[in-house]
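Before any comments, here is the structure.
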Amino acid sequence: MALQELTGLAALAAAVPSPAQRGASARHSDIAQVSGALDIKLRRLPDSVEVMIEGTGPSPVLQQTTQGATWMGRLQTAVPMTLRRGPVQLSLPEAGLQSISFEGSGNLFELKISPTPGFPVGRPVVSADGRSLILTFNAPALSTLQTLTPNVNTPGRVPQPGFIPPLQPRAVAPPLGDMAVGTMTISNPSYVSVSGPPVTMTLRNAPAKDVLMALSQLGGYGFVYVDESTTAGAAGAATTPAAGMRPISISFRRESYGRAINSALLAAGLQGKRDGNTIFAGPNVLGKSFGAQLSKVYRLNQVPANSAADYLANLGAQVTKTNTITTAVSEGVAATAAPAGSPTASTTSSSTTTTVESFGASNGPLIGLRATTDTRLGTITLVGAPRLVSIAEQYLKQLDLRQRQVALSVKILDVNLSNDTELYNSFAFRWGNNFIVNDNGTLAANFGGVLGGASVQRTLDSPLLPGQPFGGANGFSGQTNPGAAVNPTTGQPLYPNNNFFDFFQARILADNSKVLASPTLILQEDPSILRDDSSGGSGGSGGASGSSLFSSSFDNIDAPIGRKRGNEGVVRVGINVPTNVTSNVTGTSATVSCTISELSTAGLVLGARVQKIDDNGFVTFSLSPSISAVEREVGAGAQCPPISILRIRRLDTGVLRVRDGQTLILTGVISDFDRAVVSKWPILGDIPIIGQFFRASSNNREKRELVIMVTPRIINDTEGGTFGYGYQPSTPASRAFLGGSPQPSMTP
């Protein structure tokens with residue numbers, strides 16, 4: 001028994017570590033927790049779920065894929081790791097996550113998330129804090145219930161609970177996409193590769209040319225200093241020393257020979273190069289060489305030649321261009337500026353000046369390269385050392401890329417529903433010399449045998465006076481002398497004595513109209529200006545020429561986005577109607593002439609502008625769709641055509657960003673309009689059932705709905721790409737035309 005107790009105490013002593021051992025084990029556990037073990041945790045937020053993978057370190061790599069409704073992620077770590085709790089299975093069905101599994105070992109780990117039926121799992125927002133990888137998934141919003149039980153026995157104001165939106169858990173940057181990166185390793189052109197003995201030297205304010213010559217002789221190299229020519233008498237030439245005579249101070253203690261001579265060149269601000277066993281130094285010596293030079297002519301496909309040359313000039317290349325300037329000088333007095341009665345004579349002479357200009361940055365990897373362009377052929381010519389031409393060629397290959405194109409498919413649905421109901425009832429009866437008329441809810445009565453007035457007096461049976469019509473469109477409207485009407489055949493009155501007459505009219509008018517348009521515009525991200533419309537404004541003359549009318553009023557009135565830049569497009573379907581006219585009075589006879597100063601399209605106008613198509617499948621664009629119809633016409637004068645008043649429904653968007661293939665509903669506007677008009681007799685018109693004979697009613701109802709949807713599709717113009725978008729013509733003739741088959745006969 002004693003032996004067993006001793007063994008137990010020994011085991012307990014072995015199990016309880018010493019303080020030093022506890023500190024060491026704690027440090028080892030912390031290290032394992034930070035860099036050697038992974039763990040997964042869930043955090044429920046008001047509208048999302050965070051899946052935290054702890055211990056991933058500062059540079060984890062996550063690859064995402066989807067299989068049906070299941071999201072799968074493949075995590076790769078920089079160092080081999082293990083799972084702290086082994087393979088983990090979690091579930092959070094109320095947040096839309098049916099099952100979450102995390103397993104793996106070494107450098108690869110698999111994360112699989114299956115959604116709850118009816119709650120699809122989208123791609124998460126990925127972020128990291130240097131220790132953990134955080135995946136944020138969208139989830140149904142948490143429902144909150146606030147209750148309040150006030151104490152009514154205590155006087156005073158009853159406190160009300162205030163709801164404050166919860167703060168975000170942390171600042172999360174927008175998701176980043178992939179970028180096309182062109183990498184090229186370039187050696188420093190200013191570094192002179194030489195070898196020699198270690199250098200120990202101390203100089204103070206010594207001329208740079210002498211220092212470089214001494215260092216070259218120390219390494220067994222020849223030395224040539226190449227100076228730049230300066231203009232005699234230039235300002236400051238007497239006070240500014242030459243670059244080779246610039247004083248420098250150096251101090252070396254067994255410094256490597258290559259580092260010493262390059263340090264001297266750097267201190268003097270000179271360029272240096274080695275050609276054979278000779279070191280050349282000077283302000284611009286990199287552009288001079290004894291060796292053979294290479295010349296190449298590149299015909300560019302996409303980028304303009306001048307733009308490519310400007311890009312190479314910013315990197316140090318010397319670009320040469322020819323500029324031609326034409327100057328026109330007028331002498332004399334023009335006819336419009338000369339005083340009355342004075343002679344006018346004006347002579348204009350032109351002179352042309354052609355200059356050749358060279359420009360380029362003073363530093364860069366292409367120092368020593370020369371370039372020129374030809375805009376007619378779209379070519380650029382490079383002349384220089386083979387190494388520099390090769391580097392510039394790599395830059396041109398990365399610049400001469402095709403701009404992407406996108407097909408914007410816009411669907412516009414405009415539905416107008418109108419339902420008008422009109423009920424009119426008119427009746428009349430004559431009893432002796434009394435005649436009572438109900439004219440569409442309006443009471444007209446005459447008592448006595450004489451119709452009196454300011455200038456007319458006659459009996460009910462007297463003939464109708466000339467110029468006073470009898471009858472109307474709605475019953476007895478306009479009958480100033482209803483009892484005087486006679487039958488032209490028998491000569492008897494149309495309204496005999498002691499009779500009742502009734503005229504009832506009912507009409508239900510239903511008008512349904514639908515405008516369905518589905519235009520497709522193919523645009524690319526080219527912001528170059530196609531034409532300049534600065535000469536015309538929104539209210540251009542429109543009568544000078546067809547081009548003036550098209551470039552001013554036709555563009556700027558119908559759509560804010562016109563056909564002015566390469567990344568814009570406009571579709572117009574409809575009829576051009578005048579919406580503004582200008583009257584001109586000419587001559588002594590005051591002849592009035594009218595000019596149409598503004599035209600607008602009654603129909604569909606769609607303007608679109610594409611700003612950017614990025615590498616991750618997002619399209620940034622703006623739209624201005626408009627649907628208009630002629631509401632009514634207004635006269636503009638005796639000699640002028642009528643002006644059309646348009647009913648316009650337009651949407652001008654800002655800048656939108658939509659992923660390729662996704663559909664965005666820009667607007668869904670529903671307007672409902674009801675109008676009811678009732679005309680009735682006093683008192684009698686309000687009696688149930690009988691009152692309908694003593695009133696007239698009309699009810700107008702209009703309902704309009706406008707839906708605009710847009711779907712961008714990036715065109716895959718590589719070999720084997722799809723260029724069509726499933727367009728199906730609606731008529732057999734158009735289908736036969738597109739299919740190349742004979743068109744069907746139009747004769748019955």
Side-chain angles (χ1 to χ4, degrees), residues 300-311 373 375-376 378 399-410 412 517 519-542 544-574 576 598-601 603-628 650-660 664 666 708 710-717 723 725:
L300 305 176
N301 297 316
Q302 303 296 327
V303 64
N306 288 334
S307 299
D310 295 342
Y311 180 82
T373 61
T375 56
R376 183 181 68 89
L399 287 179
D400 195 34
L401 299 178
R402 289 190 299 270
Q403 290 182 330
R404 291 185 176 89
Q405 297 184 117
V406 62
L408 292 178
S409 178
V410 182
I412 302 175
T520 300
L521 292 176
I522 298 181
L523 302 171
Q524 68 173 348
E525 43 182 0
D526 182 12
S528 59
I529 298 178
L530 298 181
R531 64 183 181 190
D532 186 10
D533 292 344
S534 59
S535 59
S538 61
S541 62
S545 63
S547 60
S548 175
L549 175 65
F550 181 81
S551 63
S552 60
S553 63
F554 195 77
D555 273 353
N556 300 333
I557 289 298
D558 288 338
I561 301 176
R563 190 73 170 87
K564 302 176 184 178
R565 295 183 176 270
N567 59 346
E568 294 181 351
V570 177
V571 174
R572 292 183 177 91
V573 180
N576 295 336
E598 184 176 334
L599 286 177
S600 298
T601 302
L604 171 66
V605 179
L606 172 62
R609 178 189 296 119
V610 173
Q611 294 187 352
K612 184 66 178 177
I613 307 173
D614 62 17
D615 296 339
N616 301 285
F618 285 92
V619 182
T620 304
F621 61 94
S622 56
L623 293 177
S624 63
S626 173
I627 296 178
S628 59
R650 175 188 293 174
L651 171 66
D652 297 329
T653 68
V655 179
L656 307 175
R657 185 179 65 248
V658 182
R659 186 185 288 273
D660 176 30
L664 176 64
L666 296 179
I708 301 177
V710 58
T711 303
R713 295 185 183 275
I714 300 177
I715 296 179
N716 181 17
D717 54 1
F723 294 91
Y725 293 97

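Everything quoted here is computed from the prediction, not taken from an experiment. Heavy-atom basis, side chains included; hydrogens, waters and symmetry copies ignored.
Here the shortest heavy-atom pairing between Arg565 and Pro527 reads NH1-O, 2.8 Å. Considering all non-hydrogen atoms of both residues, Val410 and Ile412 come closest at CG1-CG1, 3.9 Å. Between Gln611 and Asn567, the shortest heavy-atom contact is CA-ND2, 4.4 Å. The two residues Ala309 and Thr373 come nearest to each other via the heavy atoms CB-CG2, 3.5 Å. Nearest heavy atoms, Gln302 versus Gln403: OE1-N, 4.4 Å. Contact between Pro712 and Val406 at its shortest, heavy atoms only, is CB-CG2, 3.9 Å.
With a 4.5 Å cut-off on side-chain heavy atoms, Leu623 and Leu408 count as touching.
For Asp660, there are no side-chain hydrogen bond (donor to acceptor under 3.5 Å, both in side chains) partners, not counting sequence neighbours. In this structure, the side-chain hydrogen bond (donor to acceptor under 3.5 Å, both in side chains) partners of Asp615, at least two apart in sequence or on a different chain, are Arg404. The side-chain hydrogen bond (donor to acceptor under 3.5 Å, both in side chains) test applied to Thr620 returns no partner, not counting sequence neighbours.
Between the side chain of Glu525 and the main chain of Ile613, a donor-acceptor pair closer than 3.5 Å is present. Without hydrogens or angle criteria, Asn616 side chain to Phe618 main chain gives no donor-acceptor distance under 3.5 Å.
Rounding to the nearest 0.5 Å places CZ of Arg659 at 9.0 Å from CG of Asp614. Atoms CD1 and OG1, from Ile627 and Thr601 in turn, are 13.0 Å apart once rounded to the nearest 0.5 Å. In this structure, OG in Ser624 is found 8.5 Å from CG in Leu651, a value given to the nearest 0.5 Å.
Applying side-chain contact (heavy atoms from CB on, under 4.5 Å) to Pro625 and the options Leu606, Val710, Asp652, Leu604 leaves one that passes, Leu606. Exactly one residue among Thr653, Val658, Ile708 makes a side-chain contact (heavy atoms from CB on, under 4.5 Å) with Leu664. That residue is Val658.
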